[in-house]
2 protein chains.
Amino acid sequence: MNRTDPGANLAALRDHNTAVVLGLLRCAGPAGASRAELATRAGLTPQAVSKITSRLRDTGLAAEAGRRASTGGKPATALRLVPGAAHAVGVHLDRDALTVTLVDLTGTETATRTAPLDFGAGAEAVLDAVAGAVTALLADHATGDVLGAGVAVPGPLDHRSGVLHRVTGFPRWDGFPLRDALGERLGLPVVVDKDTNAAALGLALRTPRATGSFAYLHLGTGLGAGLVLDGGVHRGPRTGAGEFGHQVVQVDGPLCACGDRGCLEALCLAAVTAGDTARAARLLGIGALNLVRLLDIDSVLLGGGAVLARPTAYVDGVRDVLGGAVPVDVVPEGARVVVGGAAELVLAPLFGV
Amino acid sequence: MNRTDPGANLAALRDHNTAVVLGLLRCAGPAGASRAELATRAGLTPQAVSKITSRLRDTGLAAEAGRRASTGGKPATALRLVPGAAHAVGVHLDRDALTVTLVDLTGTETATRTAPLDFGAGAEAVLDAVAGAVTALLADHATGDVLGAGVAVPGPLDHRSGVLHRVTGFPRWDGFPLRDALGERLGLPVVVDKDTNAAALGLALRTPRATGSFAYLHLGTGLGAGLVLDGGVHRGPRTGAGEFGHQVVQVDGPLCACGDRGCLEALCLAAVTAGDTARAARLLGIGALNLVRLLDIDSVLLGGGAVLARPTAYVDGVRDVLGGAVPVDVVPEGARVVVGGAAELVLAPLFGV
DNA sequence: CCACTTTGGCAACACTGTTGCAAAAGCGCA
DNA sequence: TGCGCTTTTGCAACAGTGTTGCCAAAGTGG
């Protein structure tokens, strides 16, 4: 038996409950929620919620927001997050583009910039570009409290240490300590994760009534997945989870770049290249079906360049294979889901995710 | 964002820490562990551990077990679980056999009975058989404290409500409330789960230094999996996770009983029937590789009738496909892993699993 | 105008793990 | 043998959590 969750003390208890309340407040949105509502939803007593929200108001993270209509007694006082109380930077490093964004405590994007990028130019050049873009973004929209920067990168890496592994096609990045290097440049705490995981995290926090488990399938220059199980991103012990594209769906099929045969990614991308969207969508659906059956997830969300170019075709094709077992949709934010999710890497701990 | 883990109060904090300490004691085995060791491992202060273990000694769950050798100071007092302080019953309902077992607090099997069973005979007959076997088992090995009975069943069901879904080939069981019906007969709390989940849980608790994530692959009359992610059994919202056998690995392949084409189970079982163990093992390995890549798990354990009949052939075949990515082994307990795991369904909450 | 309901705060409380200090019990060296 | 040192454990007082009991505030509905 492993012990990943060790003993907890009173401070941990307080932080946990505070995160739960903050999460409920975030879900409630600008309309807010009353103390009594929070108590019911969190399973705490009203008094406990009163104490917790009192601390939050002292910190400035939450504030009262008017009265609700009465339901037969004293009208409730709505509490809501103060959006400007904290900010986070999101960075999306793609093969040919750099996107940076600034989000507030509620996850709303305040400002976004995009610039072309040559990811293959090496660490120094890319770090310069990122630092420049982030500094300019912060200068234009000066805010007091920037908690840190979340960075979404394609390819394998170690989430905890923030070190890149072998980024396919970019050997110069092998083993680069991105988190520490960028953290030093920016003078901010930095969190690094795979682009698919960032997107999945963003969706988990963003969707108003997100279900407990879902998969984000990203079909772009590659094919990968971000998995949210029981409300949290499943990264695996080595941040290697989500290798959705290299599942074998055709034993002894065509050779894939990874060396195996019949990988879903190879088949799917071949269909995309051939312009056979129907076949690509069907193959994507087969992979999704395998995943749904193995993990019993609640819904499937599609994204990535290929999907966003022909959204309805892919949604219909995948739905057709899944046969209504679970809902299928395209991510509402489109390509922005990744950079938004990157920023959420910084905010998520506040909400206990 | 979902809120599956709501607010916690002091009682929850105490229970959590108690479970952590009990889990560590169970890992320590008969040799036990000192208070200082427990404190380090749990991340608690020695005083907190002293208080917690004091409560455990009052309850009778733990006891002192002699002195350790000194390491330069006062020698430590070893604490260990009292095996007989609590017992649990495990029931394994298979298509043609019934196995019941009695385990103590440490998960050690005290007594086991096996009898032939006609699962298709319907609920009443099977319940009679189970009740008879359990009563006889308890009469022979009278112990004071039996916490409950865990039941492992093949086929889909709802773990939380204990209601069976459609058990393949046995329509008479559709929608049967097994947990409540058996609970009433036995006069004990009953927990129901899929056989593969029970096995995985047993392995998670049993293995001395279990890694955080692994998969138990069961190749018998069907092909299924039990998944342990981050130390806990992943069942999915509807207890539907682990449908490992119906992943498509051959697009447009041969028809499977489930209606799809190219399912791993159909291909694998065909190879088993044809006596082509090498092919069956290779196919199993391909499925395992898909799973390892998707979830980044630490190890793969094989079980089930077909595997246990030719263990080395399967282990070698699967290892060959996985290429050393993760360790592969056959479950040490053999077929008993399921009934042992069934009993652990009852004990697991004590240890916070 | 008066019950009644609902919301939320104040004060006292019970219980958690924590801190400070001391005793117990061994080792090692003079 | 005596002394200092280390390590383990316990007692007592403490800080801080959520809880309970009670009550004021502020609406609705008769």
Side-chain angles (χ1 to χ4, degrees), chain A residues 5-22 24-25 28 31-59 62-80 352, chain B residues 5-22 24-25 28 31-59 62-80 352:
Chain A
D5 53 0
N9 55 20
L10 287 172
L13 178 70
R14 183 195 55 215
D15 292 348
H16 171 82
N17 284 342
T18 305
V20 168
V21 170
L22 278 173
L24 290 173
L25 283 176
S34 75
R35 293 168 176 79
E37 275 174 35
L38 294 172
T40 308
R41 294 230 216 139
L44 295 169
T45 60
Q47 267 310 310
V49 172
S50 260
K51 286 192 177 180
I52 291 167
T53 54
S54 172
R55 288 197 297 262
L56 290 177
R57 288 198 298 157
D58 291 346
T59 326
E64 298 198 339
R67 292 275 168 96
R68 288 280 182 76
S70 165
T71 61
K74 173 177 175 178
T77 315
L79 292 166
R80 60 167 180 74
Chain B
D5 52 0
N9 54 20
L10 286 172
L13 179 69
R14 182 195 57 215
D15 291 349
H16 170 82
N17 285 341
T18 305
V20 168
V21 169
L22 278 172
L24 290 173
L25 283 175
S34 74
R35 292 168 177 81
E37 275 175 35
L38 294 172
T40 308
R41 294 231 216 140
L44 296 168
T45 61
Q47 267 311 309
V49 172
S50 259
K51 285 191 179 180
I52 292 167
T53 54
S54 172
R55 288 197 296 262
L56 290 177
R57 288 198 298 159
D58 290 346
T59 326
E64 298 197 340
R67 291 273 167 98
R68 289 280 182 77
S70 166
T71 61
K74 173 175 174 178
T77 316
L79 292 166
R80 60 168 180 74

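Note that these values count all heavy atoms, side chains included, but never hydrogens, waters or copies made by symmetry. Residue numbering restarts at 1 for every chain, and letters A, B, ... go by the order of the sequence lines.
Between B:Leu44 and B:Val20 the shortest side-chain heavy-atom distance does not fall below 4.5 Å. Between B:Thr40 and B:Glu37 there is no side-chain heavy-atom pair separated by less than 4.5 Å. Taking 4.5 Å as the limit, every side-chain heavy atom of A:Leu79 sits out of range of all side-chain heavy atoms of A:Val21.
Remark on DNA chain D: of its neighbouring residues A:Lys51 and A:Ser70, the 5'-side contact belongs to A:Lys51, judged by nearest-heavy-atom nucleotide. Residues A:Thr71 and A:Leu44 both approach DNA chain D. Their nearest nucleotides, taken by heavy-atom distance, put A:Leu44 toward the 5′ side.
Closest approach of A:Val49 and A:Ala39 over heavy atoms only: CG2-CA, 3.5 Å.
Among the nucleotides D:dT19, D:dG10, C:dG17, the one closest to any side-chain atom of B:Asn9 is D:dT19. The nucleotide whose nearest atom lies closest to any side-chain atom of A:Lys74 is, among D:dA25, C:dA25, C:dG17, D:dA25. Closest contact between the side chain of B:Gln47 and the listed nucleotides D:dG16, C:dG26, D:dG10 involves D:dG10.
At the phosphate of C:dT7, neither OP1 nor OP2 sits under 4.0 Å from any side-chain N or O atom of A:Thr77. Dashed line: the shortest gap from a side-chain N or O of A:Arg14 to OP1 or OP2 of D:dT17 is under 4.0 Å. At the phosphate of C:dT7, neither OP1 nor OP2 sits under 4.0 Å from any side-chain N or O atom of A:Ser34. In terms of phosphate contacts, A:Asn17 brings a side-chain nitrogen or oxygen within less than 4.0 Å of OP1 or OP2 of D:dG18. Phosphate contact (OP1/OP2 of C:dG17, side-chain N/O of B:Thr45, threshold under 4.0 Å): absent. Checking the phosphate oxygens (OP1, OP2) of D:dG27, no side-chain nitrogen or oxygen of A:Arg68 falls inside 4.0 Å.
In this structure, A:Ile52 atom CD1 and C:dG8 atom P are separated by 15 Å, rounded to whole Å. Taking atom CG on B:Asp58 and atom P on D:dG10, their separation rounds to 12 Å, with Å as the unit. Distance A:Leu13 CG to C:dA14 P: 19 Å, rounded to the nearest Å. Going from atom CZ of B:Arg55 over to atom C1' of C:dA14 covers 13 Å, rounded to whole Å. Going from atom CG of A:Leu10 over to atom C1' of C:dA14 covers 13 Å, rounded to whole Å. For B:Arg35 and C:dA25, the CZ to P distance is 14 Å, given to the nearest whole Å. At whole-Å resolution of the value, CZ in B:Arg67 and C1' in C:dC27 are 15 Å apart. The CG atom of B:Leu38 sits 13 Å away from the C1' atom of D:dT8 (whole-angstrom rounding).
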From CA spacing to verdict: side chain to side chain contact (heavy atoms under 4.5 Å, CB included), B:Thr77, B:Arg67: CA-CA 5 Å; B:Thr77 316; B:Arg67 291 273 167 98; 3.9 Å; yes
